[in-house]
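Notes for the one structure printed next.
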Amino acid sequence: MKGTVGELGEFGLIDRLTSRLTTTPAVRLGPGDDAAVVAAPDGKVVASTDLLLEGRHFRRDWSTAYDVGRKSAAQNLADIAAMGAVPTALLLGLVVPAELPVTWPTELMDGIRDECQVAGAAVVGGDVVRGETITIAITALGDLRGHTPVTRSGARPGDVVAYTGWLGWSAAGLAVLSRGFRSPRAFVEAHRRPEPPYHAGPAAAGLGATAMTDVSDGLVADLGHIAQASNVRIDVHSGRVDIPSQMNDIGQAVGIDPLHWVLTGGEDHAIVATFPPGAKLPARWKVIGEVQGPSARPQVTVDGAPWSGDGGWDHFGDGEK
């Protein structure tokens with residue numbers, strides 16, 4: 001086994017990566033040709049794309065290549081689920097330095113493959129390019145299975161706001177890592193390797209969700225997208241959001257109110273949606289607010305007042321995600 005990507009070469013690297021992949025019934029033609037062929041029984045394809053840049057979205061001293069693979073796939077597959085669709089396929093664009101050990105991209109691919117398996121999807125192709133900074137470009141595809149997509153623009157006054165998954169865990173884990181620690185492990189792992197509730201997106205569509213998104217940039221910011229698209233106000237009741245005792249302990253240790261992580265921390269990829277009043281929601285969905293309006297000034301409030309802290313992640317702001 002050659003030691004670096006440069007020694008292995010482009011086509012050797014492609015062979016090494018594709019040899020680690022699995023497939024699904026939706027994949028009619030996988031890697032190895034000019035393009036892949038993926039079944040689309042619905043007649044429509046849901047698509048989303050995202051980029052991860054080393055030093056901006058991940059650090060190799062904090063996360064293994066396998067962790068980065070799981071994370072990069074998860075954040076894209078969660079977007080598919082948030083439309084009410086079932087993930088089917090994923091395409092990978094990878095930029096790596098020639099001196100990078102071959103083990104890094106192969107472990108990255110293992111992580112991407114395994115996260116795809118969790119979501120019921122498969123890697124169907126991509127490209128590799130030499131560059132100075134590791135960059136990962138993911139395109140995810142999904143199938144609506146005959147259902148109407150759930151967008152951000154359908155929230156109506158009187159709807160309830162509910163979420164399922166984790167909120168603030170990744171941000172708390174980032175705070176721990178930023179201070180040179182590696183525990184509590186559950187929160188550090190939540191930052192390294194999020195666990196989106198993929199099943200919840202299509203399930204929410206079946207429950208009558210009127211608007212939906214995944215929490216990638218922070219609860220206030222992502223609900224703000226729904227408020228803007230739907231021309232409504234959304235009020236969140238902070239006392240209804242779960243804050244685990246260990247998160248309180250971390251907050252006390254670093255001098256941060258854990259509510260800040262819950263409201264503005266991204267990358268947990270929880271699913272948050274609005275539902276008609278009186279909707280019968282399973283226990284995994286926690287109601288945390290309501291839709292008000294319509295409004296000429298769409299916004300998200302917390303306990304009836306505008307949120308005075310940061311709104312969430314901005315790719316063109318300062319700091320690392």
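Values in this document were obtained by computation on a predicted structure and should not be read as measured data.
Judged purely by atom type and a 3.5 angstrom limit, T49 has no side-chain atom pairing as donor or acceptor with the backbone of A47. A distance-only check finds no donor-acceptor pair linking the side chain of S230 to the backbone of R156 [under 3.5 Å].
Residue F187 is tested with W169, W261, F181 for a ring pair (Phe, Tyr, Trp, His ring centres under 6.0 Å); the sole match is W169.
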Q. Checking salt bridge (Lys or Arg N to Asp or Glu O under 4.0 Å) for the pair D67/R70: CA distance, chi angles, key distance, verdict?
A. CA-CA 5 Å; D67 290 335; R70 295 291 295 260; over 6 Å; no
Q) Between V68 and K71, does a side-chain contact (heavy atoms from CB on, under 4.5 Å) hold up when you go through it step by step? A) CA-CA 5 Å; V68 176; K71 182 176 184 176; 5.6 Å; no
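Between D268 and P194, the closest side-chain pair of non-hydrogen atoms is not below 4.5 Å. Between R233 and T301 there is no side-chain heavy-atom pair separated by less than 4.5 Å. Proximity of D159 to V161: side-chain heavy atoms (C-beta onward) are nowhere separated by under 4.5 Å. For the pair Y198 and H269, the minimum side-chain heavy-atom distance is 4.5 Å or more. The closest side-chain heavy-atom distance from V96 to V128 is not below 4.5 Å.
Linking ILVMFWY side-chain heavy atoms closer than 4.5 Å, directly or via other members, places M83 and W285 in two distinct hydrophobic clusters. In the hydrophobic clustering of ILVMFWY residues, with side-chain heavy atoms under 4.5 Å counting as a link, W307 and I226 come out together. Neither M212 nor I80 shares a network with the other; the hydrophobic side chains, linked directly or stepwise wherever heavy atoms of I, L, V, M, F, W or Y lie under 4.5 Å apart, form separate groups for each.
Under the 3.5 Å distance criterion, with hydrogens and angles disregarded, no donor-acceptor pair is assigned to the side chains of D143 and T88.
Between S183 atom OG and L177 atom CG the span is 10.0 Å, to the nearest 0.5 Å.
Below 30°, between 30° and 60°, or above 60°: for W62 and H191 the angle between ring planes is above 60°, a perpendicular geometry.
The residues R193 and E115 are annotated as not salt-bridged, no charged nitrogen and carboxylate oxygen being separated by less than 4.0 angstrom.
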